[in-house]
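Here is the structure we will look at.
A, B, ... follow the sequence lines: proteins, then strands. Residue 1 opens every chain. Quantities reported herein were computed from a predicted structural model and do not represent experimental measurements. Just the heavy atoms: all of them, side chains too, but no hydrogens, waters or symmetry mates, feed the values below.
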Amino acid sequence: MEGILLFAISIGTLAAIYGMVTLALNLETGTGPLWDLGIVSFFGIGAYAYVILTAAPAEGHQHYLYGFGLPMWLGVIGAALAGAVAAWFIGLPSLRLRKEYFLIVTLAFAEVLRQLYINEDWLTNGVAGIYGLEQPLRGLVEARQYTYVLFALAICGLLAVWALTRMISLSAFGRACKALRENEALAITAGIDPRRTSMVLYVLAGAFTAVAGVFYVWYNTLVVPGQFSSDLTFFVWTALIIGGVGSSRGALFGAFIFILLHDSLRFLQVSGETAVTLTSLRTALIGLLLILILRFRPNGIFPETRVVFKLPDRAKAAEGAKRKGLA
Amino acid sequence: MINRFATISRRALLGGATALALGSAAPPASFAQEGDIKLGLLIGLTGDMGPWAPALNNAAILAVEEINAAGGILGRKVQLVTEDNNSAVAGAVRGATKLVSVDAVSAIIGPESDPIVALRSFAKDNKVPVISTSAGTEALDKAGGTGTYIYRTNASDSFLGVVHAKLLLDEMGQKEIALVVENLEGTMSGANTFRKAYERLGGKIVKEVVLAPGQSSYQAEVRAVADTDPDMVFLAVGQTAGVNFVKQAYQRGYDWKYWVTAELQSPDFVNAAGVEIVQGTINPVSSQVENAESWERFSAAYEARFGEKPEPGFYQAETYDAFIAVALAIEAAGDASGEAVDANLTKVSGPDGKKVISFEEGREALKAGEDIDYEGASGSLDFDEFGNVTIPATRMLQITEDGSWQTIKVIDSSNFPAN
C-alpha cells in the first residue's frame, strides 16, 4: 500500500509541475488574449538558466563552459528573471501580431530555442545534456522518503503560482486583460493599452513558467534538449482545454487528471507480453477519453464562471466629495 | 544509442490485440500471488525508441520463460513487469518509481542513455540495480559498478569509438577519412569518441561536417565533403539524413566508400538509398565471437519462440543476458533483494569461476558450491569495477551486390583498450 502511495506522490509531483505551467498558460489564454503555442520556451529557459547558475563545472568529457555552482535560491530567482527577459524579447516582435499569427510565431520561437539548446554546446552541453544535478533539502530525510519532500515543495510552488495568478486575474490589471480578450477595440476606447498590457502579461507568464522549469530539473536531476520539445506545449494546452479555459480550478484539475490518465493505465498490465500492445493502446485510449470529455463538456470540466467585482460606489463617492466641498 | 526506422508488422499488432483481449480477463499483475520474484523492464515503448523496444521485450520474455521452465529462481516463479519510459527522462523516473514502489522488482533492466543517467541516484536511494542494455553514453563510463547499483551490458560509445578507429586503421589501412555526423545525442556521442580514438591512434580526419536533422537537402554538406576529395566517408547519422546524404552525393557523381555506425545497419537503409549507391558500405557491430555456443543457443531459442532471428546490433542479446545475470545473482545470494543483486552481479558474471551459458547450468553449479562465470549471448559479460563490459568480437558487415548485409570478417576485439 505504501508503494502505491509513493508512486501516486511521484505522479502528483509531476502533475503539480505541469499544473504550474497550465496556470501560467491560463493566465495568458484564459484571462488574457494571448494564444501562446510556445509556452515550453520559458519552461526550457528556466530550466537551463537554473542549471547553468547552480551546476558544478564541467567534467573532462563535457563541453559546457559555465557551471557557476551558485546556491539554489539564487538559481530560482535567476530562472524567473531569465524567463521574464526571454518573454520580453520574444514579445517585442511577436506581440505586434494578431492571434493566429502570434500562435505561429511563438511555436517557431520554441523550436528555435530547442535548436539553440542542441547546438550551443558551450552553454548547454548540447544533446548530451547536463546531469547529476542536486535536489533541494536532500539531506533532510532518508533517501527513500525524499519523494515526499519534493512533492511538498512542488505543492508549495503550485500554491504560490495559483495564489499569484488568481490575484493577478482578479486585479484591475486582470480585468483589463479580460477586456482585451473579449473585445480589443472596446478595450482601447476604455483607455487600455493593448501592447503594454499584453507585454506585462506575457512577461509574468514567462517568469512563472520558468520557475516551473526549475522544479522539472529537480524532478529529473538532469537537463537535455529533448525535454523541451513542443510536445510539452500541446500537453499543457490539452490539460487546460479539458479542465476549462479561463478557470484556475479547471487548469489545475486538467493537469492532474491528464497525468493520472496517462499513468493509471500502467496498472492494467497483465504480463510482459501484453505490455507492448497495451502501451500503444494507451495513447489511443487517452485520445478517446479526451474526445468524450469535450463532447459532453465542450467548455471543459470546470468552465469559466462569472466573477462579480465590487466596484467603489460612484454615487456615494460623489456625495462624499460634495460634502467635503461644503465643509 | 541506435536511431533507425522500422515498422511493426500488422501480424504482430493483431497478435498483440488478441493477446490483450484474452489477457484482460485475467487478474491484473498487482494481485499476482505472493512469493513471485519480479524483474522490471523499463524501455521506450513509445517515443523515439518505439520501433526497437518490442525486440527487447521479446528478449526479456524469452529469458523469463527459460528461467521459469527451469523451475524459477530459488524455487520461486519469476514475473516480468514491462514499463514504458516514453523514451524520455520524466517517463523513466515515473516508470522506475512504479516498478520499485508498486511492483517491488529486484532489478530494473533496459533504460536507454538519458533515462539511466537520470536514474543514478534513484537506483542507489532505492537500493535497486538499474541495468542498461543499450546506453552508449560516456556518462556511464566511470559511474557504475558494485555499490552504485548502475550497470550496463552493452559496450560504451567510447569503446565503440576505439573499435571503429582500430578497424579502419588496422583492417582497412585507412589513414584518412571524412567524418559526417548528424546532430543527435547518439550519433554525436559516437562521432566524438571515434574522433578521439582515431586521431590518437594516428588517423587523420580530413574534414568534419555536421548535418542538421530533418533537412531534405544536404547539397552544401556534400560539397563541403567533396572539397577534400576523400576516398572514404565515415557516416554517423540517422536513417533519414543518411539516405538523403548518400543519394545526393551519388547524384553529384561522387563515388565514395562509406563506413557507417549502427544507425544505418538495416535493410531499410539499403532499400531506401538503392543498392547501386550503398553497395560495399561497411558497418562493424559488436557481437559474440564467431560460433560462440552462448550466442548460437540464444539465437536458436529466440528464433524458435518468435519466428525470427535476433539481429546483432539490436541489443536483444544484451537484454537477455542482463536478465539471466540478475537471476543468477539472486540464486547465488539466496535473496531476491536489490542489495543482494548488486552485491553478486559482478561475481556471477566472471571472469573467474566455472563458465556457464544458461540459467539452469549456472544454478546447478551454484548449488554444487562452485563459483560461476556467466558467458552471455552478447559477450563474456564480465563487469569491470565501473559496471561496464567489453565486447569480445566485432563483426564487419558489408552490403553485397544483392543488397543484403553480410559478415565479411569477425575480429577479436577483447584486447582493445576500453577508451
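- Both the backbone and the side chain of A:Asn220 come within less than 4.5 Å of a heavy atom in chain B.
- Between B:Ala135 and B:Glu112, the closest heavy-atom pair is CB-C, 3.8 Å.
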Where do B:Asp125 and A:Glu142 land on the side-chain contact (heavy atoms from CB on, under 4.5 Å) test, with the steps shown first?
CA-CA 9 Å; B:Asp125 293 349; A:Glu142 194 218 326; over 6 Å; no
Set out, in order, the CA-CA distance, both residues' side-chain angles and the distance that settles side-chain hydrogen bond (donor to acceptor under 3.5 Å, both in side chains) for B:Ser156 and B:Asn388, then state yes or no.
CA-CA 8 Å; B:Ser156 165; B:Asn388 276 305; 5.6 Å; no
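- A:Thr221 touches chain B through its side chain: at least one heavy atom from C-beta onward sits under 4.5 Å away, while N, CA, C and O do not.
- Panel note: side chain A:Ser230, backbone A:Thr233; no donor-acceptor pair is recorded below 3.5 Å.
- Residues from residues 110-121 of chain A that place a non-hydrogen atom less than 4.5 Å from a non-hydrogen atom of chain B comprise A:Ile118, A:Asn119, given in numerical order.
- When A:Thr147, A:Val224, A:Thr283 are compared by the number of non-hydrogen pairs under 4.5 Å with chain B, A:Val224 comes out ahead.
- Side chain of B:Ser106 to main chain of B:Ser337: no donor-acceptor pair is present (N/O by atom type, distance under 3.5 Å, no hydrogens or angles).
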side-chain hydrogen bond (donor to acceptor under 3.5 Å, both in side chains) between B:Ser158 and B:Asp141, intermediate numbers included:
CA-CA 8 Å; B:Ser158 335; B:Asp141 281 1; 2.4 Å; yes
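- A salt bridge does not link B:Asp342 with B:Lys127: every distance from a Lys NZ or Arg NE/NH1/NH2 to an Asp or Glu carboxylate oxygen is 4.0 Å or more.
- For B:Ala53, no part lies under 4.5 angstrom from a heavy atom of chain A.
- Neither the backbone nor the side chain of B:Ala60 comes within contact range of chain A, judged by heavy atoms closer than 4.5 Å.
- Looking at B:Asn183, both its backbone and its side chain come within 4.5 Å of chain A, counting heavy atoms on both sides.
- Only the side chain of A:Tyr216 has a heavy atom closer than 4.5 Å to any heavy atom of chain B.
- Checked by atom type and distance alone, the side chain of B:Thr82 never pairs as donor or acceptor with a backbone atom of A:Val276 at under 3.5 Å.
- Taking chain B as the reference chain and counting heavy-atom pairs below 4.5 Å, the highest number among A:Ile9, A:Ile11, A:Leu14 is found for A:Leu14.
- Electrostatic pairing of B:Lys98 and A:Asp263 does not count as a salt bridge here, judged by no charged N lying under 4.0 Å from a carboxylate O.
- The aromatic rings of A:Phe68 and A:Tyr66 lie parallel to each other, their planes meeting at an angle below 30°, with 60° marking the opposite boundary.
- Counting heavy-atom pairs closer than 4.5 Å to chain B, the top-ranked of the candidates A:Thr13, A:Asp231, A:Leu222 is A:Leu222.
- Centroid-to-centroid, the aromatic rings of A:Phe234 and A:Trp237 stay 6.0 Å apart or farther.
- There is no contact between B:Ser189 and chain A, counting heavy-atom distances below 4.5 Å.
- The residue among B:Ser121, B:Ala88, B:Gly95 with the most heavy atom pairs within less than 4.5 Å of chain A is B:Gly95.
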Report all side-chain donor-acceptor pairs from residues 125-133 of chain A shorter than 3.5 Å, counting only partners two or more places apart or in another chain.
unit_1   : atom_1 : unit_2   : atom_2 : d
A:Asn125 : OD1    : A:His63  : N      : 2.6
A:Asn125 : ND2    : A:Gly129 : O      : 2.7
A:Tyr131 : OH     : A:His61  : NE2    : 3.1

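- Heavy atoms closer than 4.5 Å to chain A are found nowhere in B:Asn58, neither backbone nor side chain.
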